[in-house]
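Comments concern the structure below.
Since the model is a prediction, treat every value here as computed from it, not as a measurement.
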Amino acid sequence: AAHSSVLGARGFCKRRRSERSSHPSTPKPARGSGKRPRPEEHPPGQPRWQEIRAEGLSCDYRLLFGKAEADEILQQLEEQVEYFEGEMTKVHVFGKWHHIPRKQVTYGDPDLTYTYSGVTFSPKPWIPVLNRIRERVTSDTGHTFNFVVINRYKDGEDHIGEHRDDERELVPRSPIASVSFGACRDFVFRHCASRGKNATCRIKPIKLQLAHGSLLMMKYPTNVYWYHSLPPRKRVLAPRVNLTFRKLMAIAKK
DNA sequence: AGGTAGGCAAGCAC
DNA sequence: GGTGCTTGCCTACC
(Lines give C-alpha, C1' and ligand atoms only; values in the text may rest on other atoms or scores of the structure.)
Protein backbone atom coordinates (compact mmCIF):
# COMPACT_ATOMS: atom_id res chain seq x y z
CA ALA A 1 0.00 0.00 0.00
CA ALA A 2 2.89 2.31 0.76
CA HIS A 3 4.09 1.89 -2.79
CA SER A 4 0.91 2.63 -4.63
CA SER A 5 1.07 6.40 -4.42
CA VAL A 6 4.70 6.29 -5.38
CA LEU A 7 4.23 4.03 -8.36
CA GLY A 8 1.22 5.94 -9.50
CA ALA A 9 3.42 8.97 -9.94
CA ARG A 10 4.05 8.45 -13.62
CA GLY A 11 5.25 12.01 -13.78
CA PHE A 12 8.64 10.74 -12.76
CA CYS A 13 9.17 9.58 -16.30
CA LYS A 14 8.02 12.67 -18.09
CA ARG A 15 10.84 14.72 -19.45
CA ARG A 16 11.03 18.22 -20.71
CA ARG A 17 12.09 18.48 -24.31
CA SER A 18 15.16 20.45 -23.30
CA GLU A 19 16.39 17.55 -21.17
CA ARG A 20 16.29 15.02 -23.92
CA SER A 21 19.36 13.43 -25.35
CA SER A 22 20.39 15.08 -28.56
CA HIS A 23 21.97 11.92 -29.87
CA PRO A 24 20.52 11.72 -33.35
CA SER A 25 20.39 7.98 -33.85
CA THR A 26 19.13 7.06 -30.40
CA PRO A 27 15.54 6.05 -29.80
CA LYS A 28 13.95 7.50 -26.71
CA PRO A 29 12.63 4.60 -24.67
CA ALA A 30 10.11 4.97 -21.89
CA ARG A 31 8.65 8.21 -23.14
CA GLY A 32 7.28 9.85 -26.17
CA SER A 33 3.93 10.97 -27.46
CA GLY A 34 1.71 8.73 -25.42
CA LYS A 35 2.89 5.64 -27.29
CA ARG A 36 4.78 4.03 -24.50
CA PRO A 37 4.63 0.29 -25.18
CA ARG A 38 3.01 -1.06 -22.07
CA PRO A 39 2.53 -4.79 -22.20
CA GLU A 40 -1.18 -4.61 -21.41
CA GLU A 41 -1.82 -2.43 -24.44
CA HIS A 42 0.13 -3.87 -27.37
CA PRO A 43 -0.90 -2.08 -30.51
CA PRO A 44 -0.25 -4.38 -33.44
CA GLY A 45 2.65 -3.27 -35.56
CA GLN A 46 4.40 -1.55 -32.70
CA PRO A 47 7.93 -2.85 -32.25
CA ARG A 48 8.24 -5.18 -29.32
CA TRP A 49 11.74 -3.95 -28.58
CA GLN A 50 13.29 -0.56 -28.87
CA GLU A 51 16.79 -0.87 -30.21
CA ILE A 52 19.46 1.48 -28.94
CA ARG A 53 22.47 1.57 -31.20
CA ALA A 54 25.66 3.59 -31.34
CA GLU A 55 29.27 2.90 -32.15
CA GLY A 56 30.11 -0.21 -30.12
CA LEU A 57 26.79 -0.04 -28.27
CA SER A 58 23.92 -2.47 -28.70
CA CYS A 59 21.02 -2.49 -26.27
CA ASP A 60 17.36 -3.49 -26.41
CA TYR A 61 14.72 -1.90 -24.20
CA ARG A 62 11.14 -2.87 -23.45
CA LEU A 63 8.62 -3.04 -20.66
CA LEU A 64 8.71 -6.57 -19.36
CA PHE A 65 5.91 -6.32 -16.80
CA GLY A 66 2.68 -4.35 -16.77
CA LYS A 67 2.08 -2.00 -13.90
CA ALA A 68 0.01 -4.33 -11.73
CA GLU A 69 2.50 -7.16 -12.01
CA ALA A 70 5.47 -4.85 -11.52
CA ASP A 71 3.83 -3.39 -8.41
CA GLU A 72 3.34 -6.87 -7.01
CA ILE A 73 6.93 -7.88 -7.73
CA LEU A 74 8.35 -4.69 -6.22
CA GLN A 75 6.40 -5.32 -3.06
CA GLN A 76 7.80 -8.83 -2.85
CA LEU A 77 11.32 -7.61 -3.51
CA GLU A 78 11.02 -5.02 -0.76
CA GLU A 79 9.80 -7.68 1.65
CA GLN A 80 12.06 -10.56 0.74
CA VAL A 81 15.42 -9.32 -0.58
CA GLU A 82 18.05 -9.15 2.17
CA TYR A 83 20.83 -6.74 1.34
CA PHE A 84 24.44 -7.01 2.41
CA GLU A 85 25.31 -5.35 5.68
CA GLY A 86 28.37 -4.23 7.55
CA GLU A 87 31.74 -4.51 5.85
CA MET A 88 30.17 -5.59 2.59
CA THR A 89 28.46 -2.20 2.22
CA LYS A 90 31.82 -0.48 1.81
CA VAL A 91 34.33 -0.30 -1.02
CA HIS A 92 38.07 0.12 -0.67
CA VAL A 93 39.48 2.07 -3.58
CA PHE A 94 42.51 4.33 -3.83
CA GLY A 95 43.34 3.56 -0.23
CA LYS A 96 40.09 4.94 1.11
CA TRP A 97 36.99 3.28 2.44
CA HIS A 98 33.70 4.54 1.09
CA HIS A 99 30.22 3.64 2.09
CA ILE A 100 28.43 2.82 -1.14
CA PRO A 101 25.54 5.22 -1.81
CA ARG A 102 22.98 2.44 -2.27
CA LYS A 103 22.21 -1.06 -0.98
CA GLN A 104 23.54 -4.10 -2.75
CA VAL A 105 23.33 -7.88 -2.68
CA THR A 106 24.01 -10.84 -4.95
CA TYR A 107 21.96 -13.97 -5.49
CA GLY A 108 22.87 -16.89 -7.71
CA ASP A 109 23.91 -20.47 -8.19
CA PRO A 110 26.17 -21.80 -5.44
CA ASP A 111 29.95 -21.68 -5.96
CA LEU A 112 29.80 -18.70 -8.30
CA THR A 113 31.50 -15.52 -7.13
CA TYR A 114 31.40 -11.93 -8.30
CA THR A 115 34.18 -9.42 -7.70
CA TYR A 116 33.38 -5.77 -7.32
CA SER A 117 36.19 -3.29 -6.69
CA GLY A 118 38.41 -5.90 -5.16
CA VAL A 119 35.77 -7.51 -2.96
CA THR A 120 34.52 -10.97 -3.87
CA PHE A 121 30.87 -11.64 -3.14
CA SER A 122 29.26 -15.01 -2.67
CA PRO A 123 25.67 -15.23 -3.79
CA LYS A 124 22.69 -15.96 -1.60
CA PRO A 125 20.54 -18.85 -2.83
CA TRP A 126 17.74 -18.06 -5.27
CA ILE A 127 14.32 -17.11 -3.87
CA PRO A 128 11.00 -17.48 -5.74
CA VAL A 129 10.49 -13.83 -6.68
CA LEU A 130 13.94 -13.65 -8.26
CA ASN A 131 13.36 -16.87 -10.16
CA ARG A 132 10.04 -15.48 -11.39
CA ILE A 133 11.80 -12.44 -12.88
CA ARG A 134 14.67 -14.52 -14.20
CA GLU A 135 12.32 -16.95 -15.93
CA ARG A 136 10.41 -14.10 -17.55
CA VAL A 137 13.61 -12.62 -18.91
CA THR A 138 14.69 -16.00 -20.22
CA SER A 139 11.34 -16.73 -21.87
CA ASP A 140 11.39 -13.31 -23.54
CA THR A 141 15.02 -13.25 -24.65
CA GLY A 142 16.15 -16.85 -24.89
CA HIS A 143 19.11 -16.11 -22.65
CA THR A 144 19.79 -17.92 -19.40
CA PHE A 145 21.36 -16.44 -16.28
CA ASN A 146 22.96 -17.92 -13.18
CA PHE A 147 23.61 -14.79 -11.11
CA VAL A 148 21.99 -11.49 -10.23
CA VAL A 149 23.31 -8.30 -8.65
CA ILE A 150 20.58 -6.28 -6.93
CA ASN A 151 21.05 -2.58 -6.26
CA ARG A 152 18.52 -0.60 -4.24
CA TYR A 153 18.48 3.18 -4.55
CA LYS A 154 16.38 4.49 -1.68
CA ASP A 155 15.78 7.83 -3.39
CA GLY A 156 17.41 10.21 -5.85
CA GLU A 157 20.40 10.77 -3.57
CA ASP A 158 21.45 7.15 -3.98
CA HIS A 159 23.39 6.52 -7.18
CA ILE A 160 26.23 4.61 -8.81
CA GLY A 161 29.21 6.14 -10.52
CA GLU A 162 30.51 5.40 -13.99
CA HIS A 163 31.78 1.88 -14.39
CA ARG A 164 31.88 -1.12 -16.66
CA ASP A 165 30.90 -4.54 -15.43
CA ASP A 166 33.84 -6.80 -14.77
CA GLU A 167 34.17 -8.86 -17.91
CA ARG A 168 36.62 -11.40 -16.60
CA GLU A 169 34.09 -13.53 -14.79
CA LEU A 170 31.28 -13.12 -17.32
CA VAL A 171 30.75 -15.72 -20.00
CA PRO A 172 32.35 -14.04 -23.04
CA ARG A 173 29.88 -12.02 -25.12
CA SER A 174 26.96 -12.92 -22.86
CA PRO A 175 24.40 -10.13 -22.45
CA ILE A 176 23.45 -8.54 -19.14
CA ALA A 177 19.74 -8.13 -18.41
CA SER A 178 18.88 -5.08 -16.30
CA VAL A 179 15.38 -5.17 -14.82
CA SER A 180 14.04 -2.13 -12.94
CA PHE A 181 11.25 -1.60 -10.43
CA GLY A 182 10.07 1.51 -8.64
CA ALA A 183 11.07 5.05 -9.42
CA CYS A 184 12.01 5.80 -13.01
CA ARG A 185 15.64 6.90 -13.10
CA ASP A 186 17.97 8.35 -15.70
CA PHE A 187 20.66 5.97 -16.89
CA VAL A 188 23.69 7.30 -18.75
CA PHE A 189 26.13 5.62 -21.13
CA ARG A 190 29.46 7.29 -21.94
CA HIS A 191 31.93 6.01 -24.51
CA CYS A 192 35.30 5.17 -22.98
CA ALA A 193 37.18 7.29 -25.51
CA SER A 194 35.13 10.39 -24.75
CA ARG A 195 35.90 10.54 -21.04
CA GLY A 196 38.27 12.90 -19.29
CA LYS A 197 40.34 15.84 -20.36
CA ASN A 198 42.38 13.85 -22.87
CA ALA A 199 39.36 12.36 -24.58
CA THR A 200 40.18 11.13 -28.06
CA CYS A 201 36.67 11.56 -29.38
CA ARG A 202 33.52 13.48 -28.58
CA ILE A 203 30.82 10.89 -28.71
CA LYS A 204 27.93 12.31 -26.73
CA PRO A 205 26.57 10.48 -23.70
CA ILE A 206 23.42 8.46 -24.28
CA LYS A 207 20.68 8.94 -21.70
CA LEU A 208 17.82 6.55 -21.12
CA GLN A 209 15.02 6.39 -18.61
CA LEU A 210 14.57 3.02 -16.98
CA ALA A 211 10.93 2.66 -16.05
CA HIS A 212 9.04 0.52 -13.53
CA GLY A 213 8.89 -3.03 -14.91
CA SER A 214 11.35 -2.41 -17.71
CA LEU A 215 14.10 -4.57 -19.15
CA LEU A 216 17.30 -3.24 -20.70
CA MET A 217 19.36 -5.88 -22.48
CA MET A 218 22.98 -4.79 -22.70
CA LYS A 219 24.51 -6.83 -25.47
CA TYR A 220 28.04 -7.36 -26.66
CA PRO A 221 30.13 -5.26 -27.12
CA THR A 222 28.40 -2.48 -25.15
CA ASN A 223 30.25 -3.32 -21.97
CA VAL A 224 33.61 -3.21 -23.75
CA TYR A 225 33.39 0.39 -24.93
CA TRP A 226 30.74 2.12 -22.85
CA TYR A 227 30.68 3.06 -19.18
CA HIS A 228 27.33 3.42 -17.51
CA SER A 229 26.09 5.20 -14.42
CA LEU A 230 22.95 6.05 -12.49
CA PRO A 231 23.49 9.71 -11.58
CA PRO A 232 21.86 11.41 -8.59
CA ARG A 233 18.42 12.90 -9.19
CA LYS A 234 17.56 15.01 -6.17
CA ARG A 235 13.92 15.41 -7.11
CA VAL A 236 13.31 11.66 -7.09
CA LEU A 237 11.87 10.70 -3.71
CA ALA A 238 10.90 7.05 -4.28
CA PRO A 239 13.07 3.94 -4.18
CA ARG A 240 14.26 2.00 -7.21
CA VAL A 241 15.31 -1.62 -7.18
CA ASN A 242 17.45 -2.79 -10.09
CA LEU A 243 18.43 -6.36 -10.88
CA THR A 244 21.22 -7.15 -13.32
CA PHE A 245 21.13 -10.78 -14.38
CA ARG A 246 24.39 -12.21 -15.63
CA LYS A 247 25.87 -15.45 -16.87
CA LEU A 248 29.05 -16.11 -14.93
CA MET A 249 31.64 -18.75 -15.66
CA ALA A 250 31.59 -21.61 -13.21
CA ILE A 251 35.31 -21.30 -12.54
CA ALA A 252 36.53 -17.80 -11.82
CA LYS A 253 39.57 -16.89 -13.90
CA LYS A 254 42.14 -15.17 -11.76
C1' DA B 1 19.76 24.38 -6.91
C1' DG B 2 20.57 20.73 -9.66
C1' DG B 3 23.27 18.66 -13.14
C1' DT B 4 27.71 17.88 -15.17
C1' DA B 5 32.59 17.21 -15.62
C1' DG B 6 37.26 17.02 -14.00
C1' DG B 7 40.67 16.14 -10.52
C1' DC B 8 42.03 13.47 -6.84
C1' DA B 9 43.07 9.64 -3.57
C1' DA B 10 46.96 4.02 -3.48
C1' DG B 11 47.48 -0.19 -4.89
C1' DC B 12 46.89 -4.16 -7.74
C1' DA B 13 47.16 -6.80 -12.34
C1' DC B 14 49.51 -7.62 -16.32
C1' DG C 1 58.64 -2.42 -13.65
C1' DG C 2 55.97 0.88 -15.97
C1' DT C 3 51.48 1.49 -17.34
C1' DG C 4 46.59 1.26 -17.05
C1' DC C 5 42.75 0.84 -14.41
C1' DT C 6 39.97 1.34 -10.32
C1' DT C 7 34.90 4.29 -7.14
C1' DG C 8 33.23 7.95 -4.89
C1' DC C 9 33.81 12.52 -3.12
C1' DC C 10 34.79 17.15 -3.69
C1' DT C 11 34.91 21.30 -6.23
C1' DA C 12 34.08 24.38 -9.97
C1' DC C 13 31.15 25.91 -13.22
C1' DC C 14 27.30 26.41 -15.77
Side-chain angles (χ1 to χ4, degrees), chain A residues 9 11-24 26 28 30-31 54 56-57 83-106 113-121 149-170 172 176 178 183-211 218 220-240 242 244 246 248-249 251-254:
Chain A
F12 277 138
C13 276
K14 292 178 182 166
R15 314 300 300 177
R16 286 189 293 276
R17 192 163 277 280
S18 61
E19 289 176 312
R20 295 186 172 187
S21 163
S22 55
H23 200 277
T26 306
K28 307 298 191 298
R31 63 186 136 151
L57 183 145
Y83 293 90
F84 288 140
E85 298 176 348
E87 286 305 303
M88 297 177 91
T89 65
K90 296 175 179 178
V91 284
H92 191 232
V93 232
F94 289 113
K96 286 183 181 176
W97 284 99
H98 297 282
H99 186 265
I100 61 171
R102 61 190 172 275
K103 283 186 173 178
Q104 194 168 59
V105 70
T106 56
T113 60
Y114 179 72
T115 302
Y116 174 78
S117 56
V119 182
T120 298
F121 296 105
V149 179
I150 307 178
N151 280 291
R152 183 182 189 273
Y153 306 87
K154 70 178 189 310
D155 57 27
E157 304 259 346
D158 277 2
H159 62 276
I160 190 168
E162 275 190 342
H163 68 284
R164 289 181 290 191
D165 295 312
D166 196 339
E167 302 147 51
R168 291 173 304 176
E169 45 210 333
L170 292 171
I176 294 174
S178 171
C184 181
R185 288 286 294 267
D186 287 352
F187 182 85
V188 181
F189 283 110
R190 280 175 85 197
H191 194 281
C192 61
S194 69
R195 301 164 75 242
K197 195 180 179 181
N198 301 322
T200 57
C201 72
R202 296 195 176 193
I203 299 176
K204 288 181 184 174
I206 293 177
K207 300 184 182 184
L208 311 174
Q209 280 79 43
L210 302 184
M218 291 184 277
Y220 186 86
T222 305
N223 200 39
V224 178
Y225 298 108
W226 293 76
Y227 287 70
H228 56 268
S229 66
L230 194 86
R233 288 291 178 266
K234 310 242 177 190
R235 288 183 286 255
V236 174
L237 305 176
R240 169 177 183 261
N242 178 74
T244 49
R246 301 139 194 271
L248 300 192
M249 291 181 281
I251 302 165
K253 287 186 179 177
K254 294 288 178 179

Roughly, in whole Å, what's the span from [atom1] in [X] to [atom2] in [N]?
{"X": "A/Asn223", "N": "C/dT6", "atom1": "CG", "atom2": "P", "value": "11 Å"}
{"X": "A/Asp166", "N": "C/dC5", "atom1": "CG", "atom2": "C1'", "value": "11 Å"}
{"X": "A/Trp97", "N": "C/dT6", "atom1": "CH2", "atom2": "P", "value": "19 Å"}
{"X": "A/Asn151", "N": "C/dT7", "atom1": "CG", "atom2": "C1'", "value": "13 Å"}
{"X": "A/Tyr227", "N": "C/dT7", "atom1": "OH", "atom2": "C1'", "value": "11 Å"}
{"X": "A/Lys96", "N": "B/dA10", "atom1": "NZ", "atom2": "P", "value": "7 Å"}

Please list, for nucleotides 4-7 of chain B, all pairs of protein and nucleotide N/O atoms separated by less than 3.5 Å.
| unit_1 | atom_1 | unit_2 | atom_2 | d |
| --- | --- | --- | --- | --- |
| B/dT4 | OP1 | A/Lys207 | NZ | 2.3 |
| B/dT4 | OP2 | A/Arg233 | NH1 | 3.2 |
| B/dT4 | OP2 | A/Arg233 | NH2 | 2.8 |
| B/dG6 | OP2 | A/Arg190 | NH2 | 3.4 |

*What does nucleotides 8-14 of chain C look like as a protein-contact string, B for base, S for sugar-phosphate only, - for none, at under 4.0 angstrom between heavy atoms?*
SS-----
*asked:* Among A/Arg190, A/Glu162, A/Arg164, A/His163, which residue satisfies the side chain to side chain donor-acceptor pair (under 3.5 Å) criterion with A/Tyr227?
replied: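 Considering A/Arg190, A/Glu162, A/Arg164, A/His163, a side chain to side chain donor-acceptor pair (under 3.5 Å) with A/Tyr227 is found only for A/Arg164.
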*Are A/Ile150 and A/Thr106 side-chain neighbours, meaning at least one heavy-atom pair lies under 4.5 Å?*
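Not in contact.
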*Run the numbers on A/Val105 and A/Lys103 for side chain to side chain contact (heavy atoms under 4.5 Å, CB included), then give the verdict.*
CA-CA 7 Å; A/Val105 70; A/Lys103 283 186 173 178; over 6 Å; no
*Of all the heavy-atom pairs spanning A/Ala183 and A/Val236, show the shortest one and how long it is.*
CB-CG1, 3.8 Å
*Can you see which heavy atom on A/Leu230 is nearest to which on A/His159, and at what distance?*
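Nearest heavy atoms, A/Leu230 then A/His159: O-CB, 3.0 Å.
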_Looking at A/Arg164, I'd like to know whether one of its side-chain N or O atoms comes within less than 4.0 Å of OP1 or OP2 on C/dT6._
yes
*asked:* Whether A/Arg168 contacts B/dA13 is assessed here as follows: a side-chain N or O lying under 4.0 Å from the phosphate OP1 or OP2. Is that the case?
replied: no
*asked:* Which label fits A/Phe189 and A/Trp226: parallel for a plane angle under 30°, tilted from 30 to 60°, or perpendicular past 60°?
replied: perpendicular
_Is it the case that the side chain of A/Arg246 and the backbone of A/Ile176 share a donor-acceptor pair, with hydrogens and angles ignored and the cut-off at 3.5 Å?_
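Judged by distance alone, no pair lies under 3.5 Å.
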*Donor-acceptor contact below 3.5 Å, side chain A/Arg185 vs main chain A/Pro239*: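 The answer is no, because no donor-acceptor pair under 3.5 Å joins these two groups.
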*Can A/Thr115 and A/Thr120 be said to form a side chain to side chain donor-acceptor pair (under 3.5 Å), step by step?*
CA-CA 4 Å; A/Thr115 302; A/Thr120 298; 3.2 Å; yes
